[in-house]
There are 2 protein chains.
Amino acid sequence: MKVAELSKSLGTTADTVRYYTRLGLLKPAKSVNGYKSYSNKEVSRLKFILSARNLGFSVADIKQILNESEDGTSACPLVRSLIKERLEETEKQFQAMLALRGKMSSALSQWEEMEDKAPTANMVCHLIENFEQIKKA
Amino acid sequence: MKVAELSKSLGTTADTVRYYTRLGLLKPAKSVNGYKSYSNKEVSRLKFILSARNLGFSVADIKQILNESEDGTSACPLVRSLIKERLEETEKQFQAMLALRGKMSSALSQWEEMEDKAPTANMVCHLIENFEQIKKA
DNA sequence: ACTTGACCTGTGTCTTAGACACAGGTCTAA
DNA sequence: TTAGACCTGTGTCTAAGACACAGGTCAAGT
């Protein structure tokens with residue numbers, strides 16, 4: 001299997017496959033013409049990688065998991081501990097986005113009723129510079 | 001004002017100031033010793049930049065806004081249109097994070113009750129490979 | 001056999017918004 | 001004068017691929 005076949009068959013892009021290959025997560029054989037040739041084992045490996053990415057693991061995480069499992073060791077404890085970390089991060093980012101979203105939409109609606117002003121020496125845009133979030137009581 | 005003074009006075013880092021300077025958003029004078037020297041105008045410029053970043057504008061957005069306002073034009077219409085775009089993006093990302101968070105925490109709790117398994121030829125980690133989200137009815 | 005054109009390849013560079021490393025310069029106190 | 005603390009600009013690094021590009025491959029048509 002060549003890059004494009006593999007990527008299409010699993011619904012990803014050739015660039016992604018190449019990226020994982022560059023990182024050493026996939027180890028295709030070289031075919032006669034110099035093209036990379038992926039075996040069935042690589043296919044299931046990629047399938048695993050995509051599932052893990054989909055669950056929020058980083059590529060570095062996945063590298064670690066694959067390494068562990070190549071020793072014959074069960075990667076399950078590692079997997080559980082990693083997802084705990086990632087979930088915490090995601091939670092933090094989620095809260096940050098929540099706050100940002102609120103701020104932005106409050107700004108947007110506030111600004112729709114405000115007039116345009118030309119910039120001055122110490123004011124670029126009064127919308128931004130004078131924006132203050134209305135605190136909910 | 002030198003880099004460190006400026007950054008501290010506005011609660012950011014020297015690297016951030018240097019970054020904006022590199023991009024041309026701040027234009028310090030050179031002082032005798034070769035250090036960058038920031039005027040009061042730069043201070044309010046930086047203040048503006050930080051406020052805008054805080055509201056979710058990208059650095060590229062800010063560059064655009066600053067350019068517009070340097071012509072004497074009011075940047076307000078641009079600002080409104082940009083934040084609309086950013087808000088939409090944020091909304092998308094927010095929904096994505098929401099879904100991801102759900103998936104992850106569902107995986108985590110599912111996995112806590114599952115046993116470890118050693119890897120096989122076509123299975124790296126059964127937790128990940130067999131994970132299926134339980135659909136809420 | 002030759003050519004055209006479609007598709008494919010590997011490699012190198014680009015992206016965000018700064019963080020970090022580092023060799024060296026500046027400045028203050030002793 | 002010299003030590004030490006602090007500061008500087010510049011260059012490199014990050015994540016996860018996307019994109020550009022010069023060139024190779026291959027089947028169909030001539």
*Asks:* State plainly whether one hydrophobic cluster holds both A:L100 and B:I62, where clusters connect Ile, Leu, Val, Met, Phe, Trp and Tyr through side-chain heavy atoms under 4.5 angstrom apart.
*Replies:* yes
*Asks:* Under 4.0 Å from OP1 or OP2 of C:dG18: is there any side-chain N or O of B:Y20 that close?
*Replies:* yes
*Asks:* Looking at A:R22 and A:D15, is there a salt bridge between them, counting it only when a charged N and a carboxylate O are closer than 4.0 Å?
*Replies:* no
*Asks:* Atom OG1 in A:T16, atom CZ in A:R53: separation rounded to 0.5 Å?
*Replies:* 9.0 Å
*Asks:* Check the angle between the aromatic planes of B:F57 and A:W111 and answer parallel, tilted or perpendicular using the 30° and 60° thresholds.
*Replies:*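 Plane angle under 30°, so parallel.
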*Asks:* Rounded to whole Å, please give me the gap between NZ in A:K2 and P in C:dA6.
*Replies:*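 One finds 17 Å between P of C:dA6 and NZ of A:K2, rounded.
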*Asks:* Provide a list of protein-nucleic acid N or O atom pairs under 3.5 angstrom, restricted to nucleotides 20-25 of chain C.
*Replies:*
from, atom 1, to, atom 2, distance (Å)
C:dC20, N4, B:D15, OD1, 3.2

*Asks:* Is there a side-chain hydrogen bond (donor to acceptor under 3.5 Å, both in side chains) between B:S31 and B:N33 once you walk through the steps?
*Replies:* CA-CA 6 Å; B:S31 61; B:N33 50 21; 2.8 Å; yes
*Asks:* Rounded to the nearest angstrom, tell me the gap between atom NZ in A:K36 and atom P in D:dT25.
*Replies:* 15 Å
*Asks:* Between atom CG in A:L6 and atom P in C:dC8, what is the gap in whole Å?
*Replies:*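 Checked: the CG to P distance equals 13 Å.
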*Asks:* Which of the following nucleotides, D:dT8, C:dG18, C:dT9, is nearest to the side chain of A:A4?
*Replies:* C:dT9
*Asks:* Side-chain N or O of A:T13 less than 4.0 angstrom from OP1 or OP2 on D:dA18?
*Replies:* yes
*Asks:* Let me know the distance between NZ of B:K30 and P of D:dT8, rounded to the nearest Å.
*Replies:*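 Result: 12 Å.
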*Asks:* Find the distance B:Q93:CD to D:dA15:P and express it as a whole number of Å.
*Replies:*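 Distance, rounded to whole Å: 18 Å.
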*Asks:* Given C:dA19, is OP1 or OP2 found less than 4.0 Å from the side-chain N or O atoms of B:T16?
*Replies:*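 It does, given that an N or O in the side chain of B:T16 lies less than 4.0 Å from OP1 or OP2 of C:dA19.
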*Asks:* Categorize A:K63 for me: base, sugar-phosphate, or nothing, with a 4.0 angstrom heavy-atom threshold over every strand shown.
*Replies:*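 Nothing, no heavy atom under 4.0 Å.
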*Asks:* Under 4.0 Å from OP1 or OP2 of C:dC8: is there any side-chain N or O of A:K8 that close?
*Replies:* yes
*Asks:* Figure out the OH/C1' separation between B:Y19 and D:dG11, and round it to whole Å.
*Replies:*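 Rounding to the nearest Å, OH of B:Y19 and C1' of D:dG11 are 15 Å apart.
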*Asks:* What is the distance from CG of A:L50 to P of D:dA16, rounded to the nearest Å?
*Replies:*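 A:L50 atom CG is separated from D:dA16 atom P by 13 Å.
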*Asks:* Once you measure the plane-to-plane angle for B:F94 and A:F94, does it fall in the parallel (<30°), tilted (30-60°) or perpendicular (>60°) bin?
*Replies:* parallel
*Asks:* Specify the separation, in whole Å, of atom CG of A:L100 and atom P of C:dA17.
*Replies:*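 Rounding to the nearest Å, CG of A:L100 and P of C:dA17 are 12 Å apart.
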*Asks:* Counting only non-hydrogen atoms, which of residues 51-59 of chain B are less than 4.0 Å from DNA chain D?
*Replies:*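 Result for residues 51-59 of chain B: none.
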*Asks:* Measure the spacing between CD of A:Q93 and CZ of B:R101 and express it to the nearest 0.5 Å.
*Replies:*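 So the CD of A:Q93 and the CZ of B:R101 are separated by 12.5 Å.
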*Asks:* Applying side-chain hydrogen bond (donor to acceptor under 3.5 Å, both in side chains) to A:E91 and A:Q95, what does each step give before you reach the verdict?
*Replies:* CA-CA 6 Å; A:E91 181 64 29; A:Q95 295 299 336; 2.8 Å; yes
*Asks:* Quick one, A:D61 with A:S58, criterion side-chain hydrogen bond (donor to acceptor under 3.5 Å, both in side chains). Give me CA distance, side-chain angles, the key distance, then yes/no.
*Replies:* CA-CA 5 Å; A:D61 290 341; A:S58 74; 3.2 Å; yes
